[in-house]
Amino acid sequence: MLLELLQISPLLIVTFVGLLTMLVGAFAPAGSFKGWLGYLTGFGFLAALVAIWWLWDRTPVAFESPWLSNALRFDAFGLALMAVIAVGGLLTTLTAIHYLPAQRSDHAEYYSLVSFSVLGMMCLVTANDLLTLFIALEVMSIAVYILAGFKRQSPYAIEAAMKYFILGSFASALLLLGIAFVWGVTGAITLPDIARVFAFGNVEEGLGLEGVAHLGMVLILGAFAFKIAAAPFHMWTPDVYEGAPASVSGLMAVAVKTAAFGALARVLLTCFGDDQFREGAASWETLVAILAVVSMFGGNLMALAQKNLKRVLAYSAIAHTGYILIALLAAPAVADGTLTLNALGAGLVFYLLAYTLANAAAFGVAAAIGANDNEDASDPSYSGLAYRHPALAVVLTISVLSLLGIPVTAGFIGKLTIFSEVLQSPTGDYLWLVILAVINSIISAYYYLRIIVVAFMKPEVQPVETVTSRPLGWSLGLAAALTVILGLIPSSTLEVAHEAGRSLVHSTTPGLIGAAPVDKAALPSSAAAPRPVEAETALKDAAQEVARP
Amino acid sequence: MFEQIFFWLLSGGAIVTAAMVVLPPTGRNPLYAALALVVSFFFMAGIYALLLAHLMAVLQVMVYAGAIMVLFMFVIMLLNLREDELGTERRTFAKLLGGVAMVWVGLKVALVASAVDNLPAADATTPAMASFGTVEGVGDMLFRQFLFPFELTSILLLIAVIGAVVLAKRTL
Amino acid sequence: MPRELFATDLLPWIIVLPLLGAVFNGLFGARLSKRTVTAVAIGAVVGSFALSVAAVWRLIELHDTTPNPALVSNVWNWLTSGVLTVDVSFLLDPLSAVMLLVVTGVGSLIHLFSVGYMHADKAYWRYFCYLNLFMFSMLLLILGKNLLVLFVGWEGVGVCSYLLIGFWYTDMDKAIAGKKAFIVNRIGDFAVLLAIFILLFYSRGTLDFGQLATTVGPNGALQDTGTITLVCLLLFAGATGKSAQIPLYVWLPDAMAGPTPVSALIHAATMVTAGVYLMARMNFMFVLAPDAMTVIATVGALTALFAATIALVQNDIKKVLAYSTVSQIGFMVLAVGVGAFTAAIFHLMTHAFFKACLFLGSGSVIHAMHHEQDIRHMGGLRKKLPVTAVTFFVSCLAIAGVPFLSGFFSKDEILFRVFTNAYTDAAPLTVLFFIGLLAALCTAFYMFRLYYLTFEGEYRGDHHTWDHAHEERVMNIPLIVLAVLAALGGLLGVPEGLGFGVFPNVLEEWLHGVFDTVGTRYTLSTDHALEYTLMTISVVVALAGMFTARHLYKRPADRLPAAPTGAFWHRLLTNKWYVDEAYHFLFVRPFMALAGFTHRVLDVKLIDGVFVRGSAKTVGFIGDALRRVQNGDVQAYVTALVVGVALLLFML
Amino acid sequence: MEALAPTLATPGGGIALLTILVVTPLLGALLLAFIPGDQKTAHRGVSAAISGLVFFLSLPLLTGFDATEPGFQWVEAVPWISALGADWRLGVDGISLWIILLTTFLTPLILIGSTSAITERVREFCINMLILESAMIGTLVATDLLLFYLFWELMLIPMYLLIGIWGGKNRLYATVKFFIYTVVGSLLMLVGVIYLRLQAGSFDYADILAIELTATEQMWLFGAFALAFAIKVPLFPFHTWLPDAHTEAPTAGSVILAGVLLKMGTYGFLRFALPLFPVAMGEFSPLILILSVVGIVYGALVAFAQQDIKKLVAYSSVSHLGFVMLGIVALNQTAVEGAILQMINHGISTGALFLLVGIIYERRHTRLIAHYGGLAAITPVFTTLFLIVTLSSIGLPTTNGFIGEFMILSGTFAEGLPVVRELGLGSWPKLVVLMTVLATTGVVLGAVYMLTMFRKVFFGPVTHEANLEVKDMNGRELLVLAPLILLIFFIGLFPNFFLSKMHASVAALIDRTEPIVEQVRDRERLERRGMAADAAPDIRVAPRRAVADAQAR
Amino acid sequence: MPSVPLSWYLIVALILFVIGAIGVFTRRNALVVLMSVEIMLNAVNLVFIAFARYRGDMTGHVVTFFVIAVAAAEAAVGLALVLGVFRHRKSVNVDEMNAMRY
């Protein structure tokens with residue numbers, strides 16, 4: 001029991017910090033500075049990071065008791081994304097510490113809500129059954145709805161929260177319907193079980209039940225497409241990013257998206273990753289590719305004429321959803337015996353990290369210019385930033401270049417990894433997709449450059465006043481520095497990302513099991529090297545016993 | 001036969017009352033809509049019972065029709081919107097498009113989903129089904145298999161509490 | 001043999017001395033006294049002349065033993081890449097020796113003259129810097145052992161000419177004239193470059209004259225007459241630029257914008273003959289291309305006549321001389337065209353003498369007249385400028401072809417050769433003889449018209465100028481020397497028919513080795529009777545022109561014949577056959593229009609406007625249109641979500 | 001990965017000279033960041049000193065260069081991003097040597113030359129310039145494709161800021177246009193780079209040289225690479241960013257742009273497009289040939305129509321770079337060497353022109369030709385230098401411009417001539433001859449526009465009062481220009497000093513590429529004659545192993 | 001054996017779901033919109049419970065249980081937001097919330 005508590009320590013730490021801040025904050029005098037709770041929250045995330053680091057060598061973590069092992073799966077992928085989320089949470093929390101007082105919204109609840117939403121995200125990326133997934137999603141979402149409207153005296157913030165909430169609830173209902181269908185036809189709620197059912201043809205052929213499962217898959221995909229802001233499910237993004245406080249927009253842009261992507265990847269690759277499932281319908285790869293293309297073009301094109309930093313970043317976030325969706329298709333082959341398994345590449349995790357760093361920095365700058373209750377992040381509010389605050393301008397530039405994918409930034413390595421992995425993908429020839437992505441990068445250059453133009457090359461319209469704050473500086477410095485460092489020496493991080501990706505093994509060989517830890521015994525030994533067909537039947541038989549108790 | 005009659009009655013009632021929530025004239029006034037919704041929830045509870053989900057039927061009435069709808073009523077009363085403040089509904093192309101798309105989605109899903117009839121139905125008379133839908137059966141699963149989500153839900157409700165306070169309290 | 005070494009090592013110094021002078025004056029001249037500048041500049045050129053004499057002396061010694069002696073100096077390997085190998089190397093052979101002496105000799109004299117002519121100019125140092133630089137380039141051109149070194153000089157003289165024509169750059173017309181000269185020359189250079197490229201290929205990367213001769217020789221790589229003709233025509237096209245032949249002569253009259261000594265040196269004596277020199281240098285190739293030779297001869301003859309007709313009616317003293325120069329070079333080109341290379345070089349030399357003298361004389365006049373150049377405002381200047389008048393008169397006699405002066409020998413040699421020389425298998429171009437004769441008639445007429453209007457009769461200008469008109473001693477010396485040369489220079493090439501064994505044809509003998517290939521292709525007449533007949537005709541023609549002019553123009557001012565201003569032919573000639581206008585209309589205006597069109601329409605509108613900015617605008621427009629969908633209405637957003645799901649389902 | 005054992009054994013006695021060259025300016029930039037922003041003199045001094053130091057550090061490249069070695073020298077290989085198969089691989093060969101030296105040579109001059117032009121945000125300016133220098137050197141010495149790409153893109157940012165911050169009135173438009181234009185090419189190239197990486201298994205240049213690509217692959221990859229390079233060159237019709245960028249850039253930007261950045265395009269062609277995709281080169285060379293010659297004539301024509309001196313020089317760059325491309329596409333020892341030399345020449349001459357235009361701009365704050373006139377009388381020294389540079393730019397013999405153009409044109413001509421006479425129906429040779437003739441008209445046109453501009457600016461009477469006050473060049477400006485002027489003549493007189501270092505590498509490049517290109521052309525010729533395509537000989541796609549090995553060393 | 005086929009229940013649930021969805025994007029009153037969301041969640045619950053019955057698997061009930069909890073939480077937050085909106089605008093009409101667009 002104690003071991004298991006240690007094993008889920010990242011979750012516990014975050015929960016504990018959330019509760020602590022809530023309780024302590026309740027006793028703090030009204031109107032006093034609550035930033036120290038932010039430090040506390042930050043330390044919480046640091047501690048969580050340490051815990052994740054400790055757990056890293058123990059992946060996949062073997063939970064003994066059934067209630068945990070069904071609900072959660074701590075594999076390299078989940079841990080890596082938890083780490084990314086924690087980093088995102090840390091960076092955005094640090095920006096909030098002095099930003100919130102400047103926005104006259106310095107309440108203790110902010111930090112507990114951040115902690116709880118991060119808890120939701122962490123559960124989301126490690127959720128092993130669809131129910132936990134749903135609850136985790138709701139924990140994250142509802143906390144973020146509230147955070148979006150946290151500056152409640154601002155009509156913009158409240159309006160943003162309201163919009164986000166209505167759309168979010170709608171998407172939740174869709175997700176739930178999808179879950180209902182998937183569970184209904186498979187009778188399984190945990191991801192490995194669902195995968196097994198699909199893999200071994202337990203959804204009887206000819207009965208049309210696969211169709212229902214496909215429906216479920218599409219509904220789940222649609223709901224997640226909303227969360228990751230893929231076009232045309234993206235409509236909320238610009239308004240909400242613009243209206244919400246900058247630190248919250250940052251959290252939404254980095255951590256929420258990371259979590260949603262993690263869950264989506266896990267669901268798609270584990271449950272629906274098997275070729276058996278793909279029969280009789282367009283594969284989710286096609287749908288994802290289409291979403292990617294639409295998101296890239298939609299985000300980038302709509303961003304062109306934007307004159308507000310937060311809004312530009314929102315559209316850029318939509319476009320990036322497109323790039324990251326491509327990473328879902330990047331599944332290089334991993335040879336395993338005579339069978340070839342496909343695992344997710346390093347691209348997704350690495351790109352999410354790079355994206356987290358860049359956006360945390362960019363929204364950090366957006367927060368920095370939010371002094372004196374200034375909510376506006378439109379051009380005049382940071383025009384000529386470089387004259388008075390060169391460091392902020394440099395950070396903004398680095399983050400923007402990283403988003404654009406210019407070398408010596410993490411964003412470049414991320415794009416490079418995604419593109420090269422997706423070109424090796426065995427599930428299809430995605431050269432066209434890569435070329436479209438590149439064309440989109442070109443389009444995006446225009447509005448990213450505009451940000452640099454405004455910050456560096458335009459004169460000051462009004463004196464740019466910024467939130468001067470040491471934690472903000474740490475956050476920005478850390479994000480920018482990591483962006484450059486990861487751009488220069490990404491090797492070890494890439495290795496980690498690789499390992500994370502590899503833990504999401506799925507198969508393009510019919511009948512091979514999906515996400516469950518690959519059971520070496522069940523696999524035909526390479527020495528015997530039976531024919532694939534035989535191996536298949538043998539496997540099917542073996543697994544059917546497992547699937548049907 | 002008995003089951004079918006109840007099915008038609010309950011589901012017909014649920015659909016009609018649900019439509020009353022959404023469609024004018026009742027849909028224009030939140031108070032009427034809320035009342036229709038409560039009725040709809042009751043019909044739903046009936047369907048749950050028909051499906052041997054007794055505990056859920058009870059919870060539906062208690063939590064939904066009771067707690068949640070009371071909350072709605074509070075807010076409606078609090079705001080005390082008068083008829084003229086409600087204004088008129090706008091007819092936009094988006095709404096039309098959305099309606100058509102949603103109906104299409106519904107039809108498509110229904111069409112595909114009717115394949116579920118091919119699933120073998122569980123026999124309710126077996127001893128394994130004895131505790132089906134009871135507090136005991138559901139509770140057993142809830143606290144054994146789904147303990148973690150259950151714990152997580154506690155955080156969720158806590159968040160909702162904090163949220164309601166943060167967003168709605170007059171002064172913080 | 002230390003003496004031979006001495007002479008060989010001399011060659012680069014002949015070239016470098018003027019360069020050093022130019023660099024020295026260019027860098028420090030502005031801060032030095034005029035005296036120092038003069039000393040350096042003159043010293044450089046005279047030193048170069050002295051070294052030239054020494055070198056040629058050595059060559060003469062060698063000539064006794066070998067028919068075609070040569071002093072060679074390889075200075076460094078300039079360019080090696082792939083098969084291409086070009087050395088910076090110099091060659092002094094009989095041909096270049098003639099040119100060398102003419103250039104350094106006449107050059108020295110003109111430098112001397114310039115001291116007087118330019119003494120009042122602020123940019124005195126700059127002038128001498130340019131002039132020395134010109135000498136350097138010209139010597140490079142003459143002494144280059146391969147086509148590329150020659151080309152370096154070729155372009156170099158073009159630049160110096162550009163600089164010197166536009167020497168008084170504050171006058172925009174002069175600056176424009178300089179630019180025009182350079183650009184017209186460049187058009188010719190373009191052809192030369194193409195010729196070089198073709199030759200380079202066949203010669204396997206070398207441009208050495210000797211190697212090129214081998215290339216087109218019996219066992220050489222280039223045997224195709226078509227290609228050889230092409231090369232020759234291209235080289236000739238270059239020559240028409242530099243040597244001001246039809247169709248590229250237009251720059252030379254404008255070039256008179258430069259200081260008069262410059263006109264004398266560059267635009268009469270030396271640079272403009274470079275084209276002739278080039279063709280003489282490449283004679284081994286030209287003799288293989290009869291078609292090209294016909295073209296060359298025809299162009300030369302036509303140019304001679306054409307320019308002479310224009311000169312008939314010009315009133316600017318320098319313009320007359322300029323057209324005269326074009327005409328005379330036409331004679332040289334004509335000579336080349338009929339294979340009479342020796343005659344061409346001979347005329348080149350004599351022309352250098354008398355035309356330099358004439359130009360310097362005109363310079364003296366202009367200097368005296370305070371830069372008045374219109375001969376209608378002159379007259380009777382003999383009284384004020386006696387030395388100038390005498391030397392001018394002698395040179396006029398020489399150019400007109402009055403017997404036993406230099407022009408007589410050289411021009412008659414050419415006309416004789418034109419009449420008789422025949423390419424091995426083709427008819428002689430006799431008809432060109434008559435054109436040449438007509439040109440000679442015109443020459444005699446306009447030269448004496450010029451002389452009489454300027455120096456005889458009554459003064460027609462303002463009296464203040466008249467009172468101050470005088471000669472400078474330093475300017476007289478070159479005039480006298482050149483007049484003597486103009487008178488006696490012809491003795492170097494006394495034809496066999498007139499020499500009677502007493503006067504050998506020195507030049508013929510001297511150059512024989514260089515042009516030895518000519519004899520293999522051309523039948524050269526030695527018919528003395530015919531020669532005497534032609535000579536008589538041309539003398540009669542010359543005297544006729546001369547006396548007509550005397551009759552018309554040696555009169556008091558009020559009795560001068562009025563110019564037939566209204567007459568068609570007069571208008572045609574005063575306007576130089578409207579060639580400049582035609583060129584302007586045919587080439588310059590279309591070029592400017594094309595450039596304007598390319599810039600305004602193709603570049604700005606089409607490529608940048610439609611393609612570049614157009615595509616950006618299109619993308620931006622789409623983006624803006626899409627953005628409008630995002631109308632802030634959350635229910636529309638829900639709709640989009642639903643439509644998205646519907647689409648995904650549809651795609652399934 | 002055994003091959004990746006850090007080998008620092010270089011002719012320089014075990015010193016990682018190239019890394020030092022790349023890193024020193026960066027360290028300098030870092031150093032500058034710590035000097036307070038208001039100490040402008042210190043910034044200028046330190047940055048000039050650092051770039052000067054880099055120049056001296058780069059000299060051993062020249063002295064230690066083994067001219068007989070066709071492959072890379074001063075090779076360094078250290079593992080870098082092993083997860084992606086990219087390594088820190090540097091090397092210099094005869095193709096890149098002089099461009100590197102040009103870079104290290106120009107940068108200090110520019111920094112000194114900008115003292116009076118850049119008076120605001122001096123620190124940022126100097127940092128920018130040093131980063132730019134580092135990126136440029138990096139691009140030239142990288143022998144790992146990813147590293148190359150990294151530096152290639154890195155060049156963009158400082159240049160972007162340079163134009164955008166210190167540029168003229170219309171700078172924002174110009175700088176964004178510059179950036180996006182360049183990015184269009186380079187991102188598509190990135191796809192090509194990735195594709196090659198997947199084929200070769202690493203980004204190592206030697207590995208990539210060794211892979212066998214099918215003709216179709218070559219076509220696509222060539223398209224991706226060539227577009228990036230063509231935009232950078234810029235090859236007609238991808239040139240329209242250049243006039244804007246040049247016009248709006250500060251002098252330093254213009255000089256760097258003309259001097260080095262444009263060369264990256266032509267260098268890219270030589271380093272990558274040619275040796276990697278010879279078949280595609282064979283197919284595309286007629287097109288590139290035509291485009292480069294159109295560029296020559298077109299650039300000249302448009303230059304003639306310009307009112308703005310800088311724009312005129314910019315279009316002249318289009319014309320000059322056309323010559324370089326012509327030489328490259330001719331694939332002939334003389335022409336390619338001429339092209340490389342012409343890159344240097346253009347860097348020096350056009351760089352000097354921009355410096356000179358900058359000097360006059362500082363005094364009069366106008367670049368319109370019509371605002372000048374008669375300067376010769378007021379600023380004789382300036383006029384003289386301008387004249388020399390102008391003459392170099394129009395290719396006067398004894399100056400560098402002539403050598404380059406002559407080599408390119410004669411080499412190209414020789415490429416087409418033999419076959420034209422002997423076969424009489426080869427389309428390629430005919431095209432080459434025709435195009436060379438057209439290109440040679442560029443020599444005339446160059447004179448036309450340059451001298452027209454020169455006349456208008458310097459000759460004639462002084463028409464604007466303000467010009468009377470213009471001061472002649474000061475000592476610092478002379479110091480900056482003197483080395484350039486000397487080089488103009490030095491290259492013009494002793495080109496062998498430069499060419500001798502190129503021979504081996506260029507020969508290796510041609511050995512590798514030309515036979516295949518020839519085969520493609522032969523096949524086309526046969527097809528044109530109506531022979532069945534299958535009768536045509538197969539194209540040997542496999543590169544020569546020996547050359548690859550040589551390059552790998 | 002149940003005499004009503006499973007698909008009938010599903011169709012009823014889907015009709016309810018569609019009604020709810022249409023309510024979300026047609027009703028301008030935020031309160032009604034929230035109620036429509038509740039209808040949608042209920043519809044899904046029906047799907048779960050129907051499947052549970054036919055599969056004999058109570059997981060569906062458990063999920064429904066959680067959905068009810070989530071719905072409660074959502075309702076609390078949603079109503080709080082409605083109050084917040086009302087405070088600023090004195091109106092709860094969703095279609096007037098377009099301070100941020102394009």
Side-chain angles (χ1 to χ4, degrees), chain A residues 332 346 350 386-387 390-391 393-394 397-398 400-401 404-409 412-413 415-424 431-432 434-450 452-458 486-498, chain D residues 33 37 79-88 120-121 123-124 127 131 135 138 146-157 160-161 163-167 171-173 175-199 203 220 224:
Chain A
F350 190 89
Y387 290 96
V394 168
T397 305
I398 290 175
V400 156
L401 292 178
L404 177 52
I406 296 290
V408 201
T409 60
F412 168 69
I413 302 291
K415 277 213 174 81
L416 181 73
T417 316
I418 288 184
F419 291 166
S420 49
E421 280 178 353
V422 83
L423 284 179
Q424 301 174 78
L431 185 61
W432 61 278
V434 171
I435 289 173
L436 287 183
V438 159
I439 289 172
N440 269 286
S441 295
I442 295 164
I443 299 174
S444 71
Y446 178 78
Y447 63 83
Y448 287 130
L449 291 186
R450 246 193 107 264
I452 304 181
V453 164
V454 173
F456 273 93
M457 301 167 193
K458 293 236 165 126
L486 283 184
L488 274 176
I489 36 173
S491 248
S492 48
T493 315
L494 273 172
E495 295 291 351
V496 169
H498 256 299
Chain D
W80 175 44
I81 313 180
S82 44
L84 293 174
D87 301 298
W88 181 264
E120 276 178 37
R121 304 211 229 178
R123 173 171 63 173
E124 287 84 348
I127 291 176
I131 293 177
L146 189 68
L147 198 60
F148 166 79
Y149 184 82
L150 188 143
F151 284 123
W152 172 275
E153 289 279 57
L154 195 59
M155 287 189 302
L156 275 180
I157 312 297
Y160 169 73
L161 295 174
I163 299 174
I165 297 178
W166 294 276
R171 61 184 195 277
L172 298 184
Y173 170 73
T175 194
V176 172
K177 189 174 184 178
F178 158 76
F179 194 100
I180 292 186
Y181 228 126
T182 321
V183 153
V184 166
S186 60
L187 280 175
L188 287 174
M189 178 169 79
L190 178 61
V191 180
V193 168
I194 293 172
Y195 192 90
L196 285 175
R197 148 79 177 79
L198 296 182
Q199 300 294 310
F203 285 107
W220 286 104

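Numbers restart at 1 for each chain; the letters A, B, ... are given by sequence-line order, proteins then strands.
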Output the option from [options] having the highest count of non-hydrogen pairs under 4.5 Å with chain A.
{"options": "D/Ile81, D/Leu146, D/Leu154", "value": "D/Ile81"}
{"options": "D/Lys177, D/Arg121, D/Glu124", "value": "D/Arg121"}
{"options": "D/Ala224, D/Gly167, D/Gly164", "value": "D/Gly164"}
{"options": "D/Leu188, D/Leu187, D/Val191", "value": "D/Leu187"}

Minimum-distance pair of heavy atoms, taken over all atoms of [X] and [Y]:
{"X": "A/Met457", "Y": "D/Arg171", "value": "O-NH2, 2.7 Å"}
{"X": "A/Ala445", "Y": "D/Ile180", "value": "CB-CG1, 4.1 Å"}
{"X": "A/Leu404", "Y": "D/Phe179", "value": "CD2-CE2, 3.8 Å"}
{"X": "D/Ala83", "Y": "A/Ser491", "value": "N-OG, 3.5 Å"}
{"X": "D/Tyr160", "Y": "A/Ile452", "value": "CE2-CG2, 3.7 Å"}

Within this structure, what is the CZ-OG1 distance for the pair A/Phe456 and D/Thr175, rounded to the nearest 0.5 Å?
12.0 Å
Find the distance between OH (A/Tyr387) and CD (D/Glu120) and round it off to the nearest 0.5 Å.
6.5 Å
Side chain, backbone, both or neither: which part of [X] has a heavy atom under 4.5 Å from chain A?
{"X": "D/Leu161", "value": "both"}
{"X": "D/Leu172", "value": "side chain"}
{"X": "D/Phe151", "value": "neither"}
{"X": "D/Leu198", "value": "side chain"}
{"X": "D/Ser186", "value": "neither"}
{"X": "D/Leu190", "value": "side chain"}

Run A/Leu416 and D/Val193 through side chain to side chain contact (heavy atoms under 4.5 Å, CB included) and show every step you take.
CA-CA 10 Å; A/Leu416 181 73; D/Val193 168; 5.7 Å; no
Choice from [options] maximising heavy atom contacts with chain D below 4.5 Å:
{"options": "A/Leu401, A/Leu431, A/Ile406", "answer": "A/Ile406"}
{"options": "A/Ile413, A/Leu488, A/Thr397", "answer": "A/Leu488"}
{"options": "A/Ile435, A/Leu494, A/Val438, A/Leu449", "answer": "A/Leu449"}

Contact between A/Ser420 and D/Ile194 at the side-chain level, heavy atoms closer than 4.5 Å - yes or no?
yes
